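As structure tokens, the structure follows; a few thoughts come after it.
Since the model is a prediction, treat every value here as computed from it, not as a measurement. By convention here, the first residue in the shown sequence is residue 1. All ligand and atom numbering here is 1-based and tracks the order in the structure.
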Amino acid sequence: MIDIKREWEELVSRAVSLVLREAGAAEETLPAEQVVSEKPPRPDLGDLAFPMFPFAKRLRMAPALAAARIKESLERIGGAEGLPGEVNVAGPYLNVRFAMAKVAGGIIDEVLALGEKYGRSEQFCGQHIMVEFSSPNTNKPLHLGHLRNDILGESVSRILVACGAEVYKVNLINDRGVHICKSMLAYQRFGEGRTPEAMGQKSDHFVGDYYVRFNTWSKEDSSAEEEARDLLRRWEAGDEEVRALWSTMNRWAIDGISATYSRTGIGFDRVYYESNTYEKGREEVLKGLEAGVFYREEDGSVWVDLTDIGLDKKVLLRKDGTTVYVTQDIGTAIARHGDYPFDRLIYVVASEQQYHFKVLFGILERLGFPWARNLFHLSYGMVNLPEGKMKSREGTVVDADDLLDELSQMAAGEIREKGRAEEVGDVGKAAEAIALGALNYYLLQVSPGKDMVFDPKESISFTGNTGPYLQYMGTRISSMLRKFDAMGEGFAGRFRAELLQDGDEWEIVKLLGSYPDVVERSGAEYNPSLVTAYLYDLSRTFSRYYHDNPILHNPDPDLVATRVRLCRAVAQVLQNAFGLVAIPFLERM
Ligand code: ARG
């Protein structure tokens with residue numbers, strides 16, 4: 001839609017300039033930005049409305065009169081070829097109705113000519129953007145909060161790529177620290193040499209169970225916490241036995257977590273480990289201390305004072321020389337910029353850590369890194385279940401794998417209940433794709449910053465504002481197109497844009513035309529919910545149209561060909577948008 005809108009804005013601006021010049025009110029051509037268009041309050045008024053007040057003032061005439069003059073001059077500009085639409089004066093407004101056939105034909109052609117490239121832009125062309133997301137800890141498996149994080153990071157990355165950026169996806173695995181030692185300690189005490197393989201358990205769940213075990217044990221035994229700290233000291237000292245256990249358990253955790261990543265279809269260009277970067281953090285802090293950016297307290301600890309930018313004083317090295325969370329992040333950021341000199345770095349991390357990132361960005365700026373101004377915390381809200389809050393220590397979190405299993409089972413049940421199993425073929429595979437569609441759509445449909453409640457039942461419903469509903473729309477178009485294609489060679493209908501006369505057809509065409517704009521905005525705002533909202537709009541409009549209008553069963557073959565081509569364009573845009581928000585497109589369900 002953007003093109004026809006721009007075309008009209010340019011036309012009107014030329015017409016206004018002409019009138020202004022004739023009235024001796026302006027020498028120069030009016031810059032196009034001065035001509036603003038609005039969406040008319042009612043669709044029957046047209047597709048665009050231009051308020052005349054600003055020009056009327058310069059012309060010293062009533063707005064309605066100005067509108068009439070501008071209309072006249074537009075008609076002169078249009079000349080023999082005519083304008084791409086119809087112009088009407090409505091009080092102080094100039095209303096424009098687009099020439100639908102011309103516009104519709106153009107948009108549909110463009111969608112089908114560009115195919116999967118339709119909707120890509122160049123707005124971030126030449127930019128290198130690093131996106132960090134997921135960043136789990138190796139003491140437990142992924143939970144529902146990670147699923148929101150993962151899909152946000154993956155989707156924002158895909159959208160930025162569609163906007164022309166070069167994107168480098170990274171993960172930062174927190175594999176060291178006292179909490180990691182806790183699951184190790186519980187395993188040492190209670191594990192009796194068991195292995196995930198022997199227990200037939202997914203290896204990250206196996207590790208997570210020992211973390212929960214630690215927490216129940218530490219409630220009974222006050223020495224548990226001290227023992228965990230002691231284990232951390234042995235780890236820091238490089239104790240071989242401790243390091244060996246650490247490697248084994250980290251492998252278990254990471255292998256399991258990676259299996260969940262492949263199940264959900266997300267991936268990374270590079271994985272960082274805190275155990276590799278925290279030493280670099282210490283070095284950088286010591287350099288900063290020497291440079292006078294940080295200061296040392298009497299007890300030997302090293303601090304930064306950020307009170308001048310409205311933050312607090314923050315310890316960077318404890319008195320025993322150990323590092324804290326932010327120390328590691330300083331090292332990681334610097335190392336990363338060396339590995340991949342990004343123009344921007346986006347951290348997808350929960351809103352609980354907002355303060356942490358303010359401090360981190362403040363410190364990096366103070367250290368004088370020019371890129372520090374281009375760091376962004378994409379903060380997202382909490383996800384809870386309808387039944388309440390998740391608590392990780394008590395093991396009442398919603399495990400990601402369990403949730404995926406549950407969604408997948410519900411989807412399989414739905415397919416069988418509807419008697420679709422034979423049509424679908426591989427029910428398990430389809431159910432898994434529906435589960436992902438349900439999950440990703442539900443998680444992305446809320447703006448990132450907001451807290452949300454994830455309702456599994458609602459998310460998997462085939463009707464309503466859900467992923468499966470969108471997927472179902474896709475399968476209905478696909479099945480209709482299959483039928484059409486089976487009609488084969490003998491079919492002689494031709495596409496004729498002027499046959500698109502239904503109001504919904506026009507709505508659909510306008511939506512198709514506005515898709516590139518939606519992608520650009522969602523990229524500029526790091527907000528996939530604009531894409532999901534768009535998808536819902538398009539699917540709902542299409543569904544109403546499809547219900548009210550026969551596509552294949554029309555006596556006029558040209559009408560069949562025309563509507564089928566419109567449907568093909570809808571299918572293409574659905575597929576493109578599904579790709580950005582990681583909803584699998586299904587031919588059958
Ligand atoms: N592992 C951390 C956690 O679970 C999140 C890390 C976020 N990323 C970062 N660069 N600090 O809370």
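- Considering backbone and side-chain N/O of Asn174, none are found under 3.5 Å from N/O of ligand 1.
- Within the 4.0 Å heavy-atom shell around ligand 1 one finds Gln353.
- Residues Asp339 and Tyr272 bring a donor and an acceptor atom of their side chains to less than 3.5 Å of each other.
- Partners of Arg318 according to the salt bridge (charged side-chain N to carboxylate O under 4.0 Å, His left out) rule, which considers only residues two or more places apart in sequence or in another chain, do not exist here.
- The closest side-chain donor-acceptor pair between Asp329 and Tyr347, if any, does not fall under 3.5 angstrom.
- When heavy-atom distances to ligand 1 are checked against a 4.0 Å cut-off, Phe357 comes that close only through its side chain, counted from C-beta outward.
- Atoms of ligand 1 lying under 4.0 Å from at least one heavy atom of Tyr347, given by number and element, are 10 (N).
- With hydrogens left out, the protein atom closest to atom 6 (C) of ligand 1 is Tyr325 OH, 3.3 Å, a heavy atom.
- Using modelled atom types, one finds no donor on one side chain facing an acceptor on the other under 3.5 Å when comparing Ser134 with Asn171.
- Looking at Glu274 next to ligand 1, no N or O pair under 3.5 Å apart turns up.
- Looking at Asp329 next to ligand 1, an N or O pair under 3.5 Å apart turns up.
- The distance criterion of under 3.5 Å between nitrogen or oxygen atoms is met by Asn137 with respect to ligand 1.
- The residues Glu279 and Arg282 are annotated as salt-bridged, a charged nitrogen and a carboxylate oxygen being separated by less than 4.0 angstrom.
- Using the six-membered ring where Trp is involved, Tyr469 and Tyr536 have ring planes that are perpendicular, over 60° apart on the 30 and 60° scheme.
- Under a 4.0 Å criterion applied to the non-hydrogen atoms of Leu172, ligand 1 contributes the atoms 9 (C), 10 (N).
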Side-chain donor-acceptor pairs of residues 288-296 under 3.5 Å, sequence neighbours excluded:
from   : atom 1 : to     : atom 2 : distance (Å)
Arg296 : NH1    : Gly300 : O      : 2.7

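- Given atom 8 (N) of ligand 1, the protein heavy atom at minimum distance is Glu132 OE2, 2.9 Å.
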